[in-house]
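I have placed the structure first, in the form of C-alpha cells, so that the comments after it can refer back to it.
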Amino acid sequence: DAGGTRGGGDKMVKARYKGRQTVNPSTASTNPDRPKDAGGHRRDRATIKRLNMYRQKERRNKIGKVIKPLQFQSSVTSGTTARVEPNIKWFANTRVIKQSSLQQFQDEMGNVMKDPYRLILKQTKLPMSLLNDRVTPHNSKVHILDTETFETTFGPKAQRKRPNLSVCDVHSLVEKAETSAKDYDLEKDRDLVVEDTGVRDEVREEIFKKGQSKRIWGELYKVIDSSDVVIQVLDARDPMGTRSPHIEAYLKKEKPWKHLVFVFNKCDLVPTWATKRWVAVLSHDYPTLAFHASLTNPFGKGALIQLLRQFGKLHSDKKQISVGFIGYPNVGKSSIINALRSKKVCNVAPIAGETKVWQYITLMRRIFLIDCPGVVYPSGDTETEIVLKGVVQVEKIKCPED
C-alpha cells in the first residue's frame with residue numbers, strides 16, 4: 001500500500017509568485033510591477049528594496065544569539081577585526097559637470113523659468129540650485145585679500161581692526177563724492193530740514209482706508225498659501241490700476257511653484273479692440289484670459305475651465321487642486337465663481353466689500369475654488385482714483401463734490 005499511500009498523500013499545490021519571470025498582479029505600493037492605473041506615486045525597484053531593508057528584523061534564539069542576520073549585516077564572528085575596502089571613490093566627487101555644460105544648463109533652464117507658458121514638471125530631479133549660483137551673495141567670491149592683507153591681520157605687525165571703507169585712496173573718494181552729487185535728488189532727501197509753514201495735508205477719511213486692514217491682508221495670504229493656482233482678476237476699465245506688482249513679485253520670489261493667471265473681467269464694458277490689445281499686452285507677463293461674468297450668457301467660461309483642467313493634469317500626484325481668486329474690491333471675483341458654477345454660490349453686490357472672509361467652493365471633483373475679500377494694494381492712489389476704482393461707496397463720503 002505504499003503506492004496507495006503515496007497516491008493519497010499527493011496534493012495539488014497552487015502555483016505562487018516566484019522570481020522575475022512572471023508578473024506579480026498585486027497592486028500594493030511595494031510591488032515594482034504593479035499596473036500603472038493602480039493610482040498613487042509609483043516607487044521604483046531600488047526604492048522598494050531600500051524600504052524593505054529598513055523594515056526587516058533579525059531573528060534571535062532564547063539565549064540572544066543571532067539565528068538569521070539582516071540582509072546587509074556583516075556575518076563576521078564577534079571579535080574579528082574588520083576593515084573597509086580601500087577605494088578611491090571614497091575621496092572623489094559624487095557629481096561632476098563641465099563648465100560648458102553648466103553654462104548651457106543655466107541658459108536653457110533660465111529661459112524656461114522666465115517663460116510663463118512653459119512648466120518644469122519634475123523640478124526635484126534637476127539641480128535647480130545651480131541656477132542661483134550667480135545670484136546668491138553667499139556663493140559669490142569675496143576678494144578679502146584686496147582690502148585686508150595677511151600682514152595687517154596676523155603676525156607681529158597686525159593692526160587693530162579698522163572700519164571697512166568703500167574707498168582706498170583720495171582719488172576714489174573724490175570720484176565717489178562727484179557721483180553722489182550728480183545722483184542727489186532734493187525731493188527724495190528725507191533728512192533735509194524744511195521750514196514749517198503751518199500748512200499740512202488734510203487727514204483722510206476712514207472710509208478711504210477700506211481693504212487695507214491687517215485682517216484683509218491675512219485673508220489674502222491665507223488664500224495664496226492654500227492655492228495651487230492663483231488667479232488675479234483685473235478690471236477691464238483699468239487693468240494696470242487693479243494690478244498688483246507687489247503680489248506678483250512676492251509669488252515669483254517666495255512661491256515660484258504656484259501658477260499665476262490673469263483674468264480680464266468685465267470685458268463687455270470696453271470695446272472689443274481694447275480687450276484684444278490688453279490681452280496681447282498682459283500675455284507677455286502671464287497667461288491672460290478675457291472674461292464676462294454672467295449666469296445666463298458668460299464669455300470665456302469654457303476656456304477658463306479647460307485651463308483649470310490642464311493645471312489639474314499637471315498636478316496628477318494630488319487628489320485635488322485649489323484655485324484662489326484675488327484682486328481689488330468690486331472687480332468681480334465672486335461673480336466669476338458664480339459664472340463657473342452656473343448658479344449663485346457666492347454673495348455678490350454692485351458695491352465693494354460684500355465678501356468678508358475667504359470661502360471654499362467645489363467646482364469639480366478635483367478642482368476647488370477659493371473666494372477672497374478684495375484687497376487695496378499700497379500704490380499711492382489719490383482719493384479720486386480710489387473712488388473711480390469702486391473701492392469705496394460714494395454715498396458714504398462726507399463731501400463727494402470735493
Side-chain angles (χ1 to χ4, degrees), residues 110 113-114 116 131-144 146-148 161-214 216-217 220-221 224 232 234-235 237-256 260 262 277-278 281-286 326-329 331 374-392 397 399 402:
M113 294 291 288
K114 293 176 183 177
L131 289 176
N132 305 324
D133 281 351
R134 295 175 293 182
V135 184
T136 50
H138 65 273
N139 288 331
S140 59
K141 189 176 180 181
V142 179
H143 302 280
I144 190 170
D146 296 345
T147 55
E148 297 179 3
K161 188 173 182 180
R162 297 175 298 176
N164 293 327
L165 301 177
S166 57
V167 293
C168 56
D169 53 6
V170 180
H171 182 65
S172 302
L173 179 62
V174 172
E175 289 182 351
K176 185 180 180 184
E178 292 176 353
T179 306
S180 301
K182 292 179 181 178
D183 298 339
Y184 176 73
D185 190 357
L186 185 62
E187 297 179 355
K188 296 182 180 179
D189 191 354
R190 296 184 178 180
D191 299 328
L192 191 65
V193 179
V194 183
E195 184 181 355
D196 189 6
T197 58
V199 179
R200 294 181 178 85
D201 294 335
E202 186 180 359
V203 180
R204 272 190 178 185
E205 297 181 34
E206 287 294 325
I207 193 172
F208 288 105
K209 299 179 181 178
K210 292 292 184 182
Q212 302 177 22
S213 63
K214 289 185 178 180
I216 295 292
W217 278 96
L220 171 67
Y221 282 109
I224 292 177
Q232 187 173 5
L234 307 178
D235 195 326
R237 296 166 293 182
D238 187 12
M240 300 307 293
T242 53
R243 184 176 170 181
S244 172
H246 168 75
I247 298 297
E248 296 169 22
Y250 170 77
L251 287 173
K252 187 174 293 185
K253 180 181 178 182
E254 302 293 338
K255 302 179 184 299
L260 180 62
F262 287 157
R277 290 186 185 178
W278 270 118
V281 170
L282 296 173
S283 296
H284 290 299
D285 299 331
Y286 295 97
I326 64 172
Y328 253 77
V331 292
V375 179
V376 179
Y377 315 113
S379 57
D381 293 340
T382 61
E383 294 182 357
T384 307
E385 292 174 339
I386 292 175
V387 173
L388 290 176
K389 288 180 182 180
V391 175
V392 299
I397 302 176
C399 301
D402 295 340

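Quantities reported herein were computed from a predicted structural model and do not represent experimental measurements.
The two residues Thr242 and Asp235 have their closest heavy-atom pair at OG1-N, 3.2 Å. Residue Asp169 comes nearest to Ser172 through the heavy atom pair OD1-OG, 2.6 Å, listed as atom of the first residue, atom of the second, then distance. Shortest non-hydrogen contact noted between Pro116 and Tyr286 is CB-CA, 4.0 Å.
Partners of Tyr221 under the side-chain hydrogen bond (donor to acceptor under 3.5 Å, both in side chains) rule, at least two apart in sequence or in another chain, are His246. Partners of Asp183 according to the side-chain hydrogen bond (donor to acceptor under 3.5 Å, both in side chains) rule, which considers only residues two or more places apart in sequence or in another chain, do not exist here. Qualifying side-chain hydrogen bond (donor to acceptor under 3.5 Å, both in side chains) partners for Asp185, counting only residues two or more places apart in sequence or in other chains: none. Residues satisfying the side-chain hydrogen bond (donor to acceptor under 3.5 Å, both in side chains) test with His284, not counting sequence neighbours, are none.
Residues Leu260 and Asp285 have side chains not in contact (no heavy-atom distance under 4.5 Å, counting atoms from C-beta outward). Residues Val375 and Ile326 fail the side-chain proximity criterion, which asks for heavy atoms closer than 4.5 Å. Taking the side chain as every heavy atom from C-beta outward, Tyr328 and Gln232 never approach each other to under 4.5 Å.
Considering OG of Ser244 and CG of Leu220, their distance stands at 8.0 Å, rounded to 0.5 Å. Atom CD1 in Ile224 sits 4.5 Å away from atom CD1 in Ile247 (nearest 0.5 Å).
Within the structure, salt bridge (charged side-chain N to carboxylate O under 4.0 Å, His left out) pairs that include any residue of residues 244-256 comprise Asp225-Lys255, Arg243-Glu248 (at least two apart or interchain).
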Under the side-chain hydrogen bond (donor to acceptor under 3.5 Å, both in side chains) criterion, do Asp189 and Tyr184 qualify, and how do the steps go? CA-CA 8 Å; Asp189 191 354; Tyr184 176 73; 2.7 Å; yes
Worked check of side-chain contact (heavy atoms from CB on, under 4.5 Å) between Val174 and Val167: CA-CA 9 Å; Val174 172; Val167 293; over 6 Å; no
Check step by step if side-chain contact (heavy atoms from CB on, under 4.5 Å) holds for Met240 and Val281. CA-CA 11 Å; Met240 300 307 293; Val281 170; over 6 Å; no
